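Everything below concerns the one structure shown next.
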Amino acid sequence: MQPTQNPTLRLIDRWAVIDRLGISESTLERMMVREVDFPQPRRISSRSIRWLEHEVDAYIRKLETVDYFGEDD
């Protein structure tokens, strides 16, 4: 049995999250409020929050795939 690997803990700022998702700042704010599965940021000071990079990456991997040329249901 292989030991489980812990993800590297790296904090990223809102601009990195926005860049990874390819969204606007206002869309990020909406997602934080409306999306239950969206990763919650960590407060590192009174005016600074960061996200765990591996949680944002996991969220992206869980996004629904789209059949671009398929029929709409």
Side-chain angles (χ1 to χ4, degrees):
M1 179 187 323
Q2 288 200 355
T4 58
Q5 292 184 355
N6 292 330
T8 301
L9 294 180
R10 181 168 178 242
L11 295 169
I12 58 175
D13 65 13
R14 73 186 301 113
W15 302 112
V17 174
I18 287 167
D19 185 56
R20 279 191 185 314
L21 291 168
I23 59 174
S24 68
E25 189 174 7
S26 59
T27 299
L28 174 63
E29 292 172 3
R30 274 194 307 275
M31 290 173 77
M32 289 173 57
V33 171
R34 295 180 185 167
E35 305 243 352
V36 176
D37 294 338
F38 195 79
Q40 294 298 304
R42 288 2 187 228
R43 181 170 303 284
I44 61 173
S45 71
S46 63
R47 296 179 55 189
S48 183
I49 61 172
R50 300 288 188 272
W51 283 260
L52 287 171
E53 182 179 45
H54 75 272
E55 291 182 354
V56 174
D57 291 342
Y59 175 80
I60 292 169
R61 281 191 293 278
K62 289 180 186 177
L63 290 173
E64 176 185 3
T65 59
V66 176
D67 182 3
Y68 188 75
F69 296 105
E71 296 290 323
D72 289 338
D73 290 339

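None of the values given here were measured: they were computed from a predicted structure.
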CG (Asp13) and CD1 (Ile44) are apart, to the nearest 0.5 Å, by 9.0 Å
List the steps, then state whether side chain to side chain contact (heavy atoms under 4.5 Å, CB included) holds for Leu52 with Leu11. CA-CA 5 Å; Leu52 287 171; Leu11 295 169; 3.7 Å; yes
If only atom types and distance count, is the side chain of Arg43 paired as donor or acceptor with the main-chain N or O of Ser46 below 3.5 Å? yes
Look at the side chain of Arg42 and the backbone N and O of Gln40, then say whether any donor-acceptor pair between them is shorter than 3.5 Å. yes
Gap between atom CD of Glu35 and atom CG of Leu63 - 0.5 Å precision: 8.0 Å
Taking all non-hydrogen atoms of both residues into account, name the closest pair between Ile23 and Ile18 and its distance. O-CG2, 2.8 Å
Would you call His54 and Thr8 a side-chain contact if the rule is heavy atoms closer than 4.5 Å? no
After noting the C-alpha distance and the side-chain angles of Leu28 and Phe38, does the key distance pass the side chain to side chain contact (heavy atoms under 4.5 Å, CB included) rule? CA-CA 10 Å; Leu28 174 63; Phe38 195 79; 3.4 Å; yes
Donor-acceptor contact present, side-chain Trp51 to main-chain Pro39, <3.5 Å: yes
Any side-chain heavy-atom pair from Arg14 and Pro41 closer than 4.5 angstrom? no
Arg20 and Ile60, any side-chain heavy atoms less than 4.5 Å apart: yes
Look at the side-chain heavy atoms of Ile, Leu, Val, Met, Phe, Trp and Tyr, link any pair under 4.5 Å apart, and say whether Tyr59 and Trp15 land in one connected group. yes
